[in-house]
Protein chains: 2
Amino acid sequence: MRKTFLFMDTVLNKVDAKGRVSLPSDYRAIVKESASEIVCYRSLTAPCIEGCLEDLLDKLATDMEDSLDFFSQTQDDLTNLIFGDAKRYPFDSTGRIMLSEKLLKHAGITDSAVFVGKGRKFQIWNPQNWEKEEQRIRSEVFKNRPSLKGGAHES
Amino acid sequence: MRKTFLFMDTVLNKVDAKGRVSLPSDYRAIVKESASEIVCYRSLTAPCIEGCLEDLLDKLATDMEDSLDFFSQTQDDLTNLIFGDAKRYPFDSTGRIMLSEKLLKHAGITDSAVFVGKGRKFQIWNPQNWEKEEQRIRSEVFKNRPSLKGGAHES
DNA sequence: TTGATTCCCATATTTTCCCATGTTATACCA
DNA sequence: TGGTATAACATGGGAAAATATGGGAATCAA
């Protein structure tokens with residue numbers, strides 16, 4: 001088993017007429033360690049698609065069992081939203097996945113898509129929207145510099 | 001297993017037409033202990049490239065998962081910024097990495113680059129820029145002597 | 001049958017790998 | 001100590017492999 005499973009980098013790929021996109025090869029290399037498919041769902045907080053290994057959702061399920069009441073309304077809502085929306089997307093021999101209409105619409109993706117690494121997961125954006133979002137984040141982060149231990153991001 | 005993993009020294013290397021640079025052999029020796037690739041990203045605070053072992057970012061990912069909520073906006077922003085920018089750079093049999101256009105542009109590097117050790121990380125600078133930066137740092141540190149416990153660094 | 005999905009092949013481009021060469025550093029020997 | 005042999009390293013260029021992407025045939029479902 002691999003030590004690290006970090007989705008990284010930002011990659012722009014085309015979406016063809018059939019709705020197919022190449023999963024960046026770095027991502028594929030990670031996924032292949034344990035599966036031949038990724039799980040995608042509409043982001044709850046942004047106009048983009050979110051993707052991860054099934055393991056992560058499994059961890060989320062466990063965390064929720066531990067932290068929330070079994071009959072909690074919040075847990076009900078969240079699990080409905082995420083697990084109701086999530087779906088496995090296998091990739092073919094050339095490494096492409098076929099995103100559903102629902103996902104593409106939510107992210108406003110038509111003929112090209114940007115994959116953005118997020119560590120244990122990644123996001124898929126409409127290129128223009130991602131450009132704006134990145135600027136927003138950069139200005140946000142510089143305004144209220146959040147402090148983090150480890151500091152790998154700081155110079 | 002090796003006792004120390006510190007990136008040290010300052011090394012000037014050429015960047016060829018393909019964007020390839022030799023990783024200083026001392027650095028390679030450190031990396032080879034656990035991997036055959038380094039992770040690089042644009043420094044958030046200076047016009048240079050930063051590099052480290054993937055372990056460091058993995059630790060950061062774990063720290064964030066532990067300290068911040070799964071649905072936290074801050075966590076979202078930070079992971080996008082950090083992991084969206086970072087990327088693995090494997091080195092070939094002769095010890096070279098191929099820096100992306102994005103990184104070279106951010107650091108203003110064209111035909112040569114300076115590797116500067118930073119302990120667990122290192123930086124890659126445009127030679128002229130580094131010269132200025134080093135002077136700035138030296139005068140800065142001399143002006144307001146920072147205090148550090150331990151004192152092993154003082155003479 | 002229509003539309004969609006999967007599988008397969010073709011191809012351009014990018015990236016990786018490998019070999020060759022000059023240069024520097026280190027080891028060795030007289 | 002000086003000089004030479006040897007090894008390690010940096011660097012250049014070309015060949016080989018991997019990747020992204022387009023299109024078509026086969027398969028499946030409504």
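Every chain is numbered from 1 and lettered A, B, ... according to where its sequence line falls, protein lines coming before strand lines.
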What is the per-nucleotide protein-contact pattern of nucleotides 5-20 of chain C, from the 5' end, where B denotes a base atom under 4.0 Å from a protein heavy atom, S denotes such proximity for sugar-phosphate atoms only, and - denotes neither?
SBBBB-----SBBBB-
Given the options B:D76, B:L81, B:I82, A:K118 meets side-chain contact (heavy atoms from CB on, under 4.5 Å) only with B:D76
Report which part of the nucleic acid B:L12 touches: base, sugar-phosphate, or nothing (heavy-atom distance under 4.0 Å, all strands).
nothing
How many whole angstroms separate atom CG of B:N13 from atom C1' of D:dT11?
9 Å
Rounded off to whole Å, could you give me the OH-to-C1' distance for the A:Y27 and D:dA20 pair?
15 Å
Sugar-phosphate, base or nothing in reach of B:S25, heavy atoms under 4.0 Å
sugar-phosphate
Would you please test B:K59 and B:D63 for salt bridge (Lys or Arg N to Asp or Glu O under 4.0 Å) and show each step?
CA-CA 6 Å; B:K59 186 176 176 305; B:D63 286 352; 3.4 Å; yes
Polar side chain donor-acceptor pair, B:S36 to B:R88, under 3.5 angstrom
no
Tell me if the CD atom of B:E131 is crowded by more than 12 foreign heavy atoms within 6.0 Å.
no
Over 12 non-hydrogen atoms of neighbours within 6.0 angstrom of CD in B:E101
no
Tell me: CG of B:D9 to P of D:dC9, nearest whole Å?
14 Å
Using five pairs at either end of the helix from C:dT1-D:dA30 to C:dA30-D:dT1, determine the angle between the two local helix axes and round it to 10 degrees.
40°
Which residues share a ring pair (Phe, Tyr, Trp, His ring centres under 6.0 Å) with B:F7, sequence neighbours left out:
B:Y27, B:F122
Provide, to the nearest angstrom, the distance between the NZ atom belonging to B:K14 and the P atom belonging to D:dT11.
6 Å
Specify the separation, in whole Å, of atom CG of B:D26 and atom C1' of C:dT24.
14 Å
Nucleotide D:dA18, atom P - distance to CG of A:L23 in whole Å
18 Å
With rounding to the nearest 0.5 Å, note down the distance linking NZ in B:K102 to OG1 in A:T10.
5.0 Å
Should the heavy atoms of other residues, nucleotides or ligands under 6.0 Å from CZ of B:R136 be counted, would the total exceed 12?
yes
Could you check which of D:dA10, D:dG22, D:dA20 has an atom nearest any side-chain atom of A:S22?
D:dA20
Distance check, rounded to the nearest 0.5 Å: A:Q128 atom CD versus A:N126 atom CG?
5.0 Å
